Amino acid sequence: MKRTSYILFLVLVLFACQQEPVSQPIVLNSQAIYVVNQDSLTFEVKGENWTAWVQTPVQVFYPALTQQNSQLTVHLTSKEGVIEGPAFVTLQAAAQQFNFPIYLKNPASKIQLEDLRSPKTVNTDSSMIQQQILYAFDGSGNLTELEEGKYFQENYLELAPKTGTFKGITSTAVSSFYVDPGTVKTIPLTYFSDPINQTVTIKAGPLLDQFENTVSNGTLVIFSLEKAGEKKLIEGVVQDAYSQFTLPVSETRNSSITARIAHITSQTLTLD
């Protein structure tokens with residue numbers, strides 16, 4: 001068994017020694033940048049049966065090849081999008097490979113600016129200035145220059161303090177943005193009695209921010225009712241600019257009531 005393995009090893013070594021090494025291809029047009037689907041690379045090679053592929057940082061594609069005598073042309077064409085930047089062209093003949101660094105560029109194409117905003121939602125308590133970053137990608141996902149050497153454009157947009165959802169404008173780089181109301185400015189308190197049902201309703205509102213926007217529905221309102229040295233807290237929420245609760249007259253007689261939203265507290269409402 002050992003003798004057979006030794007003979008097989010000698011045969012393989014002899015066969016390998018008989019194969020002639022493939023000569024290093026020579027690049028005939030070593031330019032700095034190659035445009036996909038336009039440019040090609042030409043090599044001086046010996047022999048035939050060459051194959052080639054192009055490796056970008058995230059993909060591999062197989063270009064078309066043509067050979068005339070000793071000149072091999074690699075056509076940098078691809079049906080799929082190509083990622084721009086540093087790449088390698090690999091030529092292979094038999095078991096030998098040769099790598100050639102190149103820089104790929106996609107043909108210029110018309111693109112629409114994209115809008116990146118931080119933040120896209122603001123409320124009227126905060127700055128009404130939005131930072132806008134404009135950028136553009138081509139059809140293959142390559143970040144493209146807006147100006148020579150510049151890939152991003154920064155703008156500052158001043159928003160009006162009017163609440164709402166503002167849709168992006170078609171055919172522009174402005175995307176949707178949102179303005180929410182801020183903290184209530186003051187909390188008016190009123191009450192009205194229902195003699196038939198012997199109840200009293202305490203009402204807070206209208207609840208508006210400093211720009212007269214209605215405070216958001218669902219905002220927590222804490223009512224404090226104090227009577228005979230005892231304090232009772234009642235929670236409510238804002239709905240359409242108001243929040244209210246109803247109690248029997250007996251529970252509200254000779255009491256004082258306040259309402260609080262966040263750090264804003266109303267004046268005291270006294271019920272006899």
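These numbers come from the heavy atoms of this one structure, side chains and all, not from hydrogens, waters or symmetry mates. Just so we're clear, the structure is a prediction, and the values are computed from it rather than from any experiment.
Inter-residue side-chain proximity for L65 and L72 is flagged as met; some heavy-atom pair is nearer than 4.5 Å. Inter-residue side-chain proximity for L220 and I261 is flagged as unmet; no heavy-atom pair is nearer than 4.5 Å. Between D209 and T183 the shortest side-chain heavy-atom distance does not fall below 4.5 Å. Taking 4.5 Å as the limit, some side-chain heavy atom of V221 sits within range of a side-chain heavy atom of V238. A 4.5 Å side-chain heavy-atom check between I102 and L104 finds at least one atom pair inside the cut-off. With contacts defined as side-chain heavy-atom distances shorter than 4.5 Å, the pair F100/P25 qualifies. Side-chain contact between T265 and I187 is absent, with no heavy-atom pair separated by less than 4.5 Å. Contact annotation: the side chain of Q59 approaches that of V82 to within less than 4.5 Å [non-hydrogen atoms, C-beta and beyond].
Under a cutoff of 6.0 Å and an axis angle of 45°, K105 and Y34 do not form a cation-pi pair.
A side-chain donor-acceptor contact under 3.5 Å links E145 to the backbone of G149. Listed for the Q210 side chain is a donor-acceptor partner under 3.5 Å among the backbone atoms of T124. N142 places a side-chain N or O within donor-acceptor distance of the main-chain N or O of E84, the cut-off being under 3.5 Å. Using modelled atom types, one side-chain atom of S78 and one backbone atom of E80 make a donor-acceptor pair closer than 3.5 Å. Judged purely by atom type and a 3.5 angstrom limit, D125 has no side-chain atom pairing as donor or acceptor with the backbone of G182. At distances below 3.5 Å, not a single donor-acceptor pair connects side-chain atoms of Q239 with backbone N or O atoms of S243. A distance-only check finds a donor-acceptor pair linking the side chain of N29 to the backbone of S40 [under 3.5 Å]. Put simply, the side chain of S266 never gets that close to the backbone of L189: no donor and acceptor are under 3.5 Å apart.
Shown here is Q31, whose CD atom has more than 12 heavy atoms of other residues, nucleotides or ligands within 6.0 Å. More than 12 heavy atoms of other residues, nucleotides or ligands shown are found within 6.0 angstrom of CD on E154. Within a 6.0 Å sphere centred on CG of N49, other residues, nucleotides and ligands contribute 12 heavy atoms or fewer.
Tracing side-chain contacts under 4.5 Å through hydrophobic residues (I, L, V, M, F, W, Y), one never reaches L159 starting from Y178; they form parts of separate clusters. Under the 4.5 Å side-chain heavy-atom criterion for ILVMFWY residues, a single connected hydrophobic cluster contains both L225 and L271. When hydrophobic clusters are built by joining Ile, Leu, Val, Met, Phe, Trp and Tyr residues whose side-chain heavy atoms come closer than 4.5 Å, directly or via intermediates, Y191 is grouped together with F245. With hydrophobic clusters built from ILVMFWY side chains whose heavy atoms lie under 4.5 angstrom apart, I234 shares a cluster with V184. Linking Ile, Leu, Val, Met, Phe, Trp and Tyr whenever their side-chain heavy atoms come within less than 4.5 Å leaves V200 and F192 in two separate clusters.
The distance from atom CG of L157 to atom CE of M128, rounded to the nearest 0.5 Å, is 11.5 Å. Taking CD1 of I202 as the start and OG1 of T252 as the end, the distance is 6.0 Å to the nearest 0.5 Å. Rounded to the nearest 0.5 Å, atoms OG1 (T90) and CD (Q55) are 7.5 Å apart. Separation of atoms CD (Q67) and OG1 (T42) is listed at 11.5 Å; rounding is to 0.5 Å. Going from atom OH of Y62 over to atom OG1 of T51 covers 9.0 Å, rounded to the nearest 0.5 Å. Interatomic distance, S70 OG to E48 CD, rounded to the nearest 0.5 Å: 11.0 Å.
In this structure, F98 has its ring center no closer than 6.0 Å to that of F43. Between Y135 and F137, the ring center distance clears the sub-6.0 Å criterion.
Closest approach of P188 to P206, counting heavy atoms only: CD-O, 3.7 Å. Nearest heavy-atom pair, Q153 versus L146, reported as atom, atom and distance to 0.1 Å: N-CD1, 3.7 Å. Contact detail for N213 and P181: the closest heavy-atom pair is CB-CB, 4.1 Å. Of all heavy-atom pairs between A32 and Y103, the closest is O-CB, 3.6 Å. Of all the heavy atoms in K231 and E226, the pair that sits closest is CE-OE1, 4.0 Å. Between N217 and A241 the shortest heavy-atom distance is OD1-N, 4.4 Å.
A side-chain N or O of N155 and one of Q132 form a donor-acceptor pair less than 3.5 Å apart. Using modelled atom types, one finds no donor on one side chain facing an acceptor on the other under 3.5 Å when comparing T77 with N37. For the 3.5 Å distance criterion, the side chains of T144 and D138 fail to qualify, holding no donor opposite an acceptor.
Applying side-chain hydrogen bond (donor to acceptor under 3.5 Å, both in side chains) to T246 and the options N197, T199, T201, D194 leaves one that passes, T201.
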As a quick check of understanding, evaluate side chain to side chain contact (heavy atoms under 4.5 Å, CB included) for Q38 and V36, giving each step before the final call.
CA-CA 5 Å; Q38 291 184 13; V36 177; over 6 Å; no
Is there a side chain to side chain contact (heavy atoms under 4.5 Å, CB included) between L41 and L76 once you walk through the steps?
CA-CA 8 Å; L41 285 87; L76 296 175; 3.4 Å; yes
What verdict does the side chain to side chain contact (heavy atoms under 4.5 Å, CB included) test give for V179 and N123, after you've listed the backbone C-alpha separation in whole Å, the side-chain angles of each residue and the deciding distance to 0.1 Å?
CA-CA 5 Å; V179 179; N123 66 53; over 6 Å; no
When you look at Y242 and D240, which way does the side chain to side chain contact (heavy atoms under 4.5 Å, CB included) test go after all the steps?
CA-CA 6 Å; Y242 291 90; D240 297 331; 5.6 Å; no
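Between F177 and F166, the angle of the ring planes stays under 30°, which puts this pair in the parallel group of the 30/60° scheme.
Using a 4.0 Å cut-off between charged side-chain N and carboxylate O, E251 and K232 make a salt bridge.
When hydrophobic side chains of Ile, Leu, Val, Met, Phe, Trp and Tyr are connected at separations under 4.5 Å, Y156 ends up clustered with I129.
Residues in residues 30-46 take part in no salt bridge (Lys or Arg N to Asp or Glu O under 4.0 Å) pair, two or more places apart or across chains.
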